[in-house]
**Q** 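Starting off with a structure, shown below.
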Number of protein chains: 2
Amino acid sequence: MPAEHEPTLKDVAAAAGVAVMTASRAFSKPDLVAQATREKVLSAAQQLGYRHNALAAAMRSSQSGLVGVIVTNIDNPFHSKLARGIDEVLTANSRRMLLGHSQDDPKREAELIRDMRSWRVEGLIAVPALASTPPEARFAGLPTVLAGRAGKTGALNQVTVDDERGAQEATADLIARGARRIAFIGNEEKITTTTTRLSGYLAALGENGIRRDDSLIRLGCRSVDDAKRVAKQLHSQLQPDAFFGVNNQITLGVLEASAGFAAPPLISGFDGMDFADLLRAPVSLVSYDPAELGARAATLLLESLENPEAPPRHDVLPVRLLHYGGNVTDAN
Amino acid sequence: MPAEHEPTLKDVAAAAGVAVMTASRAFSKPDLVAQATREKVLSAAQQLGYRHNALAAAMRSSQSGLVGVIVTNIDNPFHSKLARGIDEVLTANSRRMLLGHSQDDPKREAELIRDMRSWRVEGLIAVPALASTPPEARFAGLPTVLAGRAGKTGALNQVTVDDERGAQEATADLIARGARRIAFIGNEEKITTTTTRLSGYLAALGENGIRRDDSLIRLGCRSVDDAKRVAKQLHSQLQPDAFFGVNNQITLGVLEASAGFAAPPLISGFDGMDFADLLRAPVSLVSYDPAELGARAATLLLESLENPEAPPRHDVLPVRLLHYGGNVTDAN
DNA sequence: GTGAAAGCGCTAACAC
DNA sequence: GTGTTAGCGCTTTCAC
C-alpha cells in the first residue's frame with residue numbers, strides 16, 4: 001500500500017529490504033549492484049510509485065545538471081532555433097536547459113543570471129544583451145559561452161557566425177547587381193553583430209570603389225517597426241537603390257516598408273527566413289542554421305566544463321548567401 | 001576575505017554575528033527581522049558574495065517554484081510565443097519555467113514529464129503530444145493545464161482557441177468568395193485541433209449547402225513538407241478551388257505548393273503569420289495571439305495551485321479572421 | 001525579534 | 001556488493 005507522502009528512497013529501501021545507499025546505487029550506478037538486488041529495488045520502486053528527487057540529488061552531489069540559457073527574445077526565430085539546438089545537445093548529454101529571455105535589457109539579464117546561479121547552473125550559454133558593460137564583466141565567475149554576439153576581450157568562449165564575410169558578400173552581391181547607393185540599417189553599436197556586419201558592408205564598398213556615405217548608414221533599430229520607419233524615411237529622403245538589413249527583424253521591416261515604394265530597391269539581409277521563397281519581393285539572405293550555432297555553443301560549453309583550464313575558444317559558423325526570387329514561380 | 005567554497009547562509013550569519021535562521025529570514029521574510037539586523041546581514045552577504053541556493057531552499061521547503069512547460073516544437077512560432085506568454089506570467093509570479101519540447105512524440109513527452117516531476121515542478125502546462133492514450137492519463141497526478149490542444153474528458157484544465165468557430169468562419173469566407181471545392185489539409189485525427197477545426201469546416205459547408213467531399217479532406221500532415229506534397233497531389237488530381245490549412249505549418253506547405261499552380265486557388269489557414277502581409281499569395285488567416293493563450297494557461301495554472309479543489313476549467317480564446325492582400329501594395 | 005535543533009532526500013566517503 | 005555515517009544548505013518548528 002502506498003504511503004501518504006511522496007515515496008522516498010528510504011521507503012523503497014525498506015520495501016526492498018536493503019540499505020538506502022543500495023537503493024540509491026540501483027538507480028545511479030546499476031553496475032555496482034547485484035542483478036538480483038537491483039531487480040528487488042526497481043520493483044519496490046515501481047510498486048510504491050517512487051520518483052527520483054533531482055532537487056535532493058543535485059544538492060547533495062553539488063552537480064545540478066542544469067545549464068542556463070539566456071536569449072534576448074524567445075519568439076524571434078533565430079533565438080528559438082538556437083534554443084532548440086542547445087537543448088538537443090544538452091538533453092543528449094543528460095543536462096537540462098533553464099531558459100530565460102532578457103528582452104535585450106541588461107537589468108533583466110542580470111536578474112536572470114542571478115536566478116540561474118541560485119539554481120546552481122553548471123554553466124551559461126547566452127546571447128548577451130545590449131549593455132554598456134562588456135559581457136566579460138557580466139558573466140564573470142561562471143563557465144559561459146556567448147552565442148551569436150561576440151564578447152569584447154575574447155576572454156569568454158564564443159560561437160558566432162561569419163558576420164563580416166556574410167555582410168561583405170551580400171553587399172558585394174548588391175553592387176554586382178547594379179546597386180551604388182546601399183543603405184545599411186543596423187541595431188545598436190554596442191552589439192558586435194551590428195558593428196562587424198557594418199565592417200563587412202564597408203569592406204565591400206571599399207573593394208568596389210564606392211565611397212562610404214554615412215547618411216545611408218542608420219543604426220539603433222531594435223524592432224521590425226523601427227526598421228520599417230527608418231527605411232521609409234531613407235527612401236523618401238535619399239532614395240537608396242538597395243537596402244541591407246543587419247538581422248531578420250530589420251530585414252522584415254525593410255521588406256514591409258518597401259512594399260510601399262514605387263520603384264522597388266534591391267533588398268538583402270542577414271539571417272535566413274523559412275518563408276523567404278514565398279515573399280512578394282525578391283530578397284537575398286545571409287543564411288545559416290541557428291540550431292547548429294546552438295549545438296556548437298552547447299558542445300563548447302560541455303567541453304569547457306570537462307576541461308576548465310582550457311583557454312577560451314572562438315568558433316565561427318560559415319554562412320551562405322541565398323537568393324530568393326520574389327515573383328518567379330516554382331517550376332515543379 | 002572570502003572563503004574557498006561558495007559562501008552559505010552559515011558564513012553570512014557568522015560574519016553578521018547572528019544565527020543562521022536570522023540570516024535566512026533577512027532574505028525571505030524581511031519584515032520579521034529588525035531593520036538594523038537586516039542591514040548587518042545584507043551587508044555581510046554582499047561582502048562575502050553570498051548567493052541564495054534555490055536548490056536547498058526548494059528541497060527543504062518542498063516548494064520548488066518550478067513550472068514545467070512542454071511544447072511539441074520550440075521553434076514553431078506558435079509554441080515559442082506560447083512559451084513567452086507563459087514565462088511572462090510565471091516570472092511575474094516568481095516562478096521559473098522549465099521548458100521542454102516533445103517533438104510530438106509521446107515517448108519523449110513521457111520522459112519530459114518524468115524529468116520535470118523529478119525536479120518537483122509544482123505544475124505543468126503542456127501542448128499534449130500526439131498519442132493514443134488521452135492526455136488525462138498521461139498527465140495524471142500533477143496540476144496540469146493543457147494549452148492549444150484540448151483533452152478528452154474535460155478532467156484537466158485547458159485553454160484553447162475557438163477552433164470550431166475559426167475554421168467555420170474561414171471556410172464560410174472562402175465560400176462567400178466563390179469557392180465550392182475546398183480542400184481541408186489537417187494533422188492527425190488524434191489531435192483535437194484537427195478534429196475540431198474539421199468540424200468547423202464541415203459546419204460551414206453544411207450551412208452553405210455544399211456536400212462534403214471526403215476526397216478533399218486529407219489528414220495526417222505533420223510538417224510543412226507533408227502539406228506541400230499533399231497540396232500538390234490534390235491540385236493535380238482534383239483541382240480544388242480553395243485550400244484550408246489546419247495550422248501554420250500546413251498553411252505554409254499549401255502556400256509553397258500553390259506557388260507552382262497555374263491557376264492560384266484561394267488559401268486560408270489557421271494561426272497567424274507575422275509576415276503574412278509580405279507574401280506573394282493572398283491568404284486569410286484565423287488569427288489570435290499565442291502569447292495571450294500562454295498567459296491565460298499560466299494564470300489558470302497558478303489559480304488552480306492556489307485552489308486545488310476547484311473543478312477543471314476550460315478557457316477559450318476568441319479568434320479573428322484576417323485577410324492579407326498578396327500583391328496589393330501598402331498605401332502609406 | 002531571535003535562536004537552537006531537527007531534518008528535507010539524497011549521495012560521498014569509507015568501512016566491511 | 002552492501003551498509004553506515006555524515007552532511008549538502010536551507011527552512012520548519014518551537015522555544016524564548
Side-chain angles (χ1 to χ4, degrees), chain A residues 2-42 44-45 48-66 94 115 117-122, chain B residues 2-42 44-45 48-66 94 115 117-122:
Chain A
E4 285 286 316
H5 62 331
E6 179 89 24
T8 70
L9 263 188
K10 203 170 140 193
D11 302 320
V12 174
V18 299
V20 179
M21 197 55 233
T22 306
S24 171
R25 277 194 279 253
F27 291 103
S28 54
K29 289 162 171 129
D31 304 346
L32 301 183
V33 167
Q35 168 104 18
T37 317
R38 189 166 65 238
E39 278 165 11
K40 263 195 304 186
V41 172
L42 295 184
L48 295 175
Y50 168 74
R51 277 184 295 258
H52 182 66
N53 187 330
L55 247 32
M59 181 187 165
R60 175 62 240 230
S61 67
S62 35
Q63 294 201 326
S64 67
L66 296 174
S94 37
D115 184 41
R117 289 195 90 125
S118 85
W119 282 101
R120 296 303 186 259
V121 293
E122 299 177 359
Chain B
E4 286 286 315
H5 62 330
E6 178 87 25
T8 70
L9 262 189
K10 203 170 140 193
D11 302 321
V12 174
V18 300
V20 179
M21 197 52 235
T22 306
S24 171
R25 276 194 280 254
F27 291 103
S28 55
K29 287 161 173 131
D31 304 345
L32 300 184
V33 167
Q35 169 105 17
T37 317
R38 189 166 65 237
E39 278 165 11
K40 262 194 306 183
V41 172
L42 295 183
L48 295 175
Y50 169 73
R51 278 184 294 258
H52 182 67
N53 187 331
L55 247 30
M59 181 187 162
R60 177 61 240 233
S61 66
S62 34
Q63 294 201 327
S64 68
L66 296 174
S94 38
D115 184 40
R117 289 195 90 125
S118 85
W119 282 101
R120 297 302 185 259
V121 293
E122 298 177 359

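Each chain gets a letter, A, B and so on, in the order the sequences are listed, and its residues count up from 1. Values reported hereafter were calculated over all heavy atoms of this structure, with side chains retained and with hydrogens, waters and symmetry mates removed. Since this is a predicted model, take the numbers as computed values, not measurements.
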**Q** Please give, in whole Å, the distance from C/dT11 P to A/R60 CZ?
**A** 10 Å
**Q** Counting only side-chain N and O atoms of A/S61, is one of them less than 4.0 Å from OP1 or OP2 of C/dT11?
**A** no
**Q** Regarding B/S62, tell me which of base, sugar-phosphate or nothing describes its non-hydrogen contacts under 4.0 Å with the strands shown.
**A** nothing
**Q** C/dC8 P sits how many Å from B/R120 CZ, rounded?
**A** 14 Å
**Q** Among D/dT2, D/dG9, C/dT11, find the nucleotide with the atom closest to the side chain of A/T22.
**A** D/dT2
**Q** Given atom CD of B/Q63 and atom C1' of D/dC10, what is their separation to the nearest angstrom?
**A** 13 Å
**Q** Using only heavy-atom distances, decide whether a donor-acceptor pair under 3.5 angstrom links the side-chain of A/R25 to the base of D/dG1.
**A** no
**Q** Does a side-chain N or O of A/T37 approach OP1 or OP2 of D/dG1 to a distance below 4.0 Å, or not?
**A** no
**Q** Give a yes or no on whether the backbone of A/R120 and the side-chain of A/S64 come within a donor-acceptor separation of less than 3.5 Å.
**A** yes
**Q** Would you indicate which nucleotide in D/dT11, C/dC10, C/dT11 comes nearest to any side-chain atom of B/L9?
**A** D/dT11
**Q** Examine distances only and state if a side-chain atom of A/R38 and a backbone atom of A/P30 form a donor-acceptor pair shorter than 3.5 Å.
**A** yes
**Q** Check whether any side-chain heavy atom of B/W119 lies under 4.5 Å from a side-chain heavy atom of A/L66, and answer yes or no.
**A** yes
**Q** I want to verify a distance call: between D/dG9, C/dC10, D/dT2, whose nearest atom is closest to the B/T8 side chain?
**A** D/dG9
**Q** Between CE of A/M21 and CG of A/L9, what distance do you get to the nearest 0.5 Å?
**A** 8.5 Å
**Q** Go through C/dG1, C/dT11, D/dT11 for me and flag the one nearest to the A/S24 side chain.
**A** C/dT11
**Q** When the nearest nucleotide of DNA chain C is assigned to B/L32 and to B/M59 on a heavy-atom basis, which residue is associated with the more 5' position?
**A** B/L32
**Q** Without decimals, in angstroms, what is the distance between A/L55 CG and D/dG9 P?
**A** 15 Å
**Q** Taking NZ from B/K10 and C1' from D/dC10, how many angstroms apart are they, rounded to a whole number?
**A** 12 Å
**Q** Sub-3.5 Å donor-acceptor pair from the side chain of B/S61 to the main-chain atoms of B/A57, do we have one?
**A** yes
**Q** How many Å lie between CH2 on A/W119 and P on D/dC10, as a whole number?
**A** 13 Å
**Q** Considering every strand and a 4.0 Å limit on heavy-atom distances, what is the contact class for B/V18: base, sugar-phosphate, or nothing?
**A** sugar-phosphate
**Q** What is the nucleic acid contact for B/F27, judged by heavy atoms within less than 4.0 Å: base, sugar-phosphate only, or nothing?
**A** nothing
**Q** Looking only at side-chain atoms of A/N53, point me to the closest of D/dG3, D/dT11, C/dC10.
**A** C/dC10
**Q** Quick one: is B/K29 getting a side-chain N or O under 4.0 Å of the D/dT12 phosphate, OP1 or OP2?
**A** yes
**Q** Let me know the distance between CZ of B/R51 and C1' of D/dG9, rounded to the nearest Å.
**A** 15 Å
**Q** For A/M21 and C/dG9, what is the distance between atoms CE and C1' respectively, to the nearest whole Å?
**A** 12 Å
**Q** Do B/E122 side-chain atoms and B/G65 backbone N/O form a donor-acceptor pair below 3.5 Å?
**A** yes
**Q** State which of D/dT4, C/dT11, C/dG9 makes the closest approach to the side chain of A/A19.
**A** D/dT4
